Enquirer: 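This is the structure, below, for whatever I ask next.
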2 protein chains.
Amino acid sequence: MRSEQGDRPARAKRLPRAVRERQILDAATAVFSQRGYHAASMDEVADVAGISKPMVYAYLGSKEELFAVCIKREAGRLVDAVGAVVDPELAPEEQLWRGVLAFFTFVGEYRDSWNVLHRQAGSEGQPFAVEIAEGRRRAITLIGALLAQAAVAEGVPEWFLGETEAMAAALVGAGESLADWWLDHPDESPRAMAARLMNLAWMGFGNLVNGRTWQPPTTPKADAAPA
Amino acid sequence: MRSEQGDRPARAKRLPRAVRERQILDAATAVFSQRGYHAASMDEVADVAGISKPMVYAYLGSKEELFAVCIKREAGRLVDAVGAVVDPELAPEEQLWRGVLAFFTFVGEYRDSWNVLHRQAGSEGQPFAVEIAEGRRRAITLIGALLAQAAVAEGVPEWFLGETEAMAAALVGAGESLADWWLDHPDESPRAMAARLMNLAWMGFGNLVNGRTWQPPTTPKADAAPA
DNA sequence: AAGTAGTCTTACTCGCGAGTAGCCACAGGA
DNA sequence: TCCTGTGGCTACTCGCGAGTAAGACTACTT
């Protein structure tokens, strides 16, 4: 009863550096996820890691470095999770489905990781927002390429190739938003979430790829594409 | 040449309170938009407003209050802009189109407002993140109702009514993401952006509403909806 | 046992930024 | 002309949080 619950390593029991680093990163991810970068304090990170502040500095450097390492680790996990399932040999539709499914599985598994990557990403002035935005952009480009590939596989209406990137951006946003929505409906399975996104995206793209576009009702003028 | 450019009111020229308050809110919106809530300093807000810090406190209260007022004002603008065009008499499709168009027009017009509402919203621990999340939720509910209405208007497959909220969430996310994408492609018109979203959303919903769902390719099991 | 390398702590410094005290100035009514 | 209220300022206090100095404890070598 002299220490806290067996939950966290109550008070520093002399562990090898590698282990401590992992603990610190875990703690940092959790704290950054809850508080956001600015509101998070190194004291709290140290506390949650069950260790004292100078250790954090000794092992992981400054707050900014620590955050950067967190980002890298979590982003790596996500990329690995998706990369492990998207064999480029497969049909675009199936690649997309597998990627989307892997994404939601990852989000379900590592909520904090996702939170750090998604929320704390864009908000700050410059520091790593750039890096994250870059990762996001890469994802969009990748998905855009996938859509273009799919479009070519079907009989592609020419104009659609100029639209793939914007569509990919929308798709990514829809995925992020669905992931948020998931937080309020935790009983849903990753498969069901992924299926939702695919239904929205693919059934929509299915029409678009076949040249069936939507037109504004009142004005006859079409903006996104020639009729 | 004794003062700065005619750009900002160089150094306090004795204006009525109402005017100053507007200026302060404008400045605060800009600063919060660029820095984010935590990184923004009251000194900078005061500076941008061309005024000294105590005035900000005298007129708008604490930093948190100031931010809250900003949020309220910008959210109000957005709600007004959308609310002004979505006559509930109209067909769901047209309501959605008008709403989406109004949204992108607003974003184009008031970048900072949108930034404050969108980015700085979710990131913080509790303060007003709640209020914004609430607004977002209302938007999702509203759009969800619209989709349900549309679904009923067509021959609705029963199961779809349970999906409208999730679809609305996805749609909102897609809109946000497209708005971000727009920042990198500023030559696009609001109409073109809105048309893109409608194409993705409506052509997708068009299929869904008619019972044409997407199915995972390898596994025969359907998750989102019964075949 | 004594040396030494790596783990871990207490107890600081120091700057930045929220919020305030107290004072100045000008416009208009007496 | 003086008087007062409202607009405005300079110049502080004060706490919080990033980052550090200096040393203590433990385990493994020789």
Side-chain angles (χ1 to χ4, degrees), chain A residues 2-4 8-28 31-32 34-70 120 124-128, chain B residues 2-4 8-28 30-32 34-70 120 123-128:
Chain A
R2 70 207 172 288
S3 61
E4 286 129 46
R8 281 276 168 194
R11 271 298 150 183
K13 258 305 183 198
R14 208 149 243 268
L15 296 175
R17 174 162 185 158
V19 175
R20 269 284 131 82
E21 279 187 355
R22 241 177 31 86
Q23 290 181 345
I24 294 174
L25 282 180
D26 291 344
V31 172
F32 284 134
Q34 283 182 11
R35 310 275 188 221
Y37 176 73
H38 277 287
S41 79
M42 295 297 270
D43 289 87
E44 183 172 1
V45 170
D47 197 53
V48 170
I51 213 172
S52 70
K53 199 164 47 155
M55 290 310 297
V56 179
Y57 281 89
Y59 286 170
L60 276 311
S62 69
K63 185 182 183 181
E64 195 165 325
E65 288 177 83
L66 174 61
F67 189 65
V69 174
C70 275
Q120 275 55 50
E124 314 315 330
Q126 297 106 5
F128 3 66
Chain B
R2 69 206 173 288
S3 59
E4 285 129 46
R8 281 277 167 192
R11 269 300 150 183
K13 259 304 182 197
R14 209 152 238 267
L15 295 175
R17 172 160 184 161
V19 176
R20 270 286 132 83
E21 279 185 355
R22 242 175 34 82
Q23 289 181 344
I24 294 172
L25 282 180
D26 291 343
V31 173
F32 284 134
Q34 284 182 10
R35 309 277 188 216
Y37 175 73
H38 276 286
S41 81
M42 294 298 270
D43 289 86
E44 182 173 3
V45 170
D47 196 52
V48 171
I51 213 174
S52 69
K53 197 165 48 155
M55 292 308 299
V56 179
Y57 281 90
Y59 286 171
L60 275 311
S62 70
K63 183 182 184 182
E64 195 165 325
E65 287 177 83
L66 174 61
F67 189 66
V69 174
C70 276
Q120 275 57 47
S123 42
E124 314 315 329
Q126 295 105 11
F128 2 66

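Computed from a prediction, not measured in an experiment: that's the story for all the values here. Chain letters run A, B, ... following the sequence lines, proteins first and then strands; every chain starts at 1.
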Enquirer: Can you list every salt bridge (charged side-chain N to carboxylate O under 4.0 Å, His left out) pair that touches residues 36-45 of chain A, not counting sequence neighbours?
Expert: A:Arg35-A:Glu44, A:Asp43-A:Lys53
Enquirer: Looking only at side-chain N and O atoms, does A:Arg20 come under 4.0 Å of OP1 or OP2 in C:dC8?
Expert: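 Answer is yes, contact under 4.0 Å.
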Enquirer: Check whether any side-chain nitrogen or oxygen of A:Tyr59 sits under 4.0 Å from OP1 or OP2 of C:dT7, and answer yes or no.
Expert: yes
Enquirer: Within the 4.0 Å limit for protein heavy atoms, which parts of nucleotides 13-28 of chain C are touched? Write it as a string from 5' to 3', B for base, S for sugar-phosphate only, - for none.
Expert: -----BBBB---BB--
Enquirer: Aromatic rings A:Phe67 and A:Tyr37: how do their planes relate, parallel, tilted or perpendicular, breaks at 30° and 60°?
Expert: tilted
Enquirer: Residues in side-chain hydrogen bond (donor to acceptor under 3.5 Å, both in side chains) with B:Ser41, at least two apart?
Expert: none
Enquirer: Report yes if some heavy atom in the side chain of A:Val31 is under 4.5 Å from a heavy atom in the side chain of A:Asp47; otherwise report no.
Expert: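 Sidechains of A:Asp47 and A:Val31: no contact.
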Enquirer: Just how far is it from atom NZ of B:Lys63 to atom CZ of B:Phe32, taken to the nearest 0.5 Å?
Expert: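 It comes to 6.0 Å.
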Enquirer: Rounded to the nearest angstrom, tell me the gap between atom CD1 in B:Ile51 and atom P in D:dG8.
Expert: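 Interatomic distance, CD1 of B:Ile51 to P of D:dG8: 5 Å.
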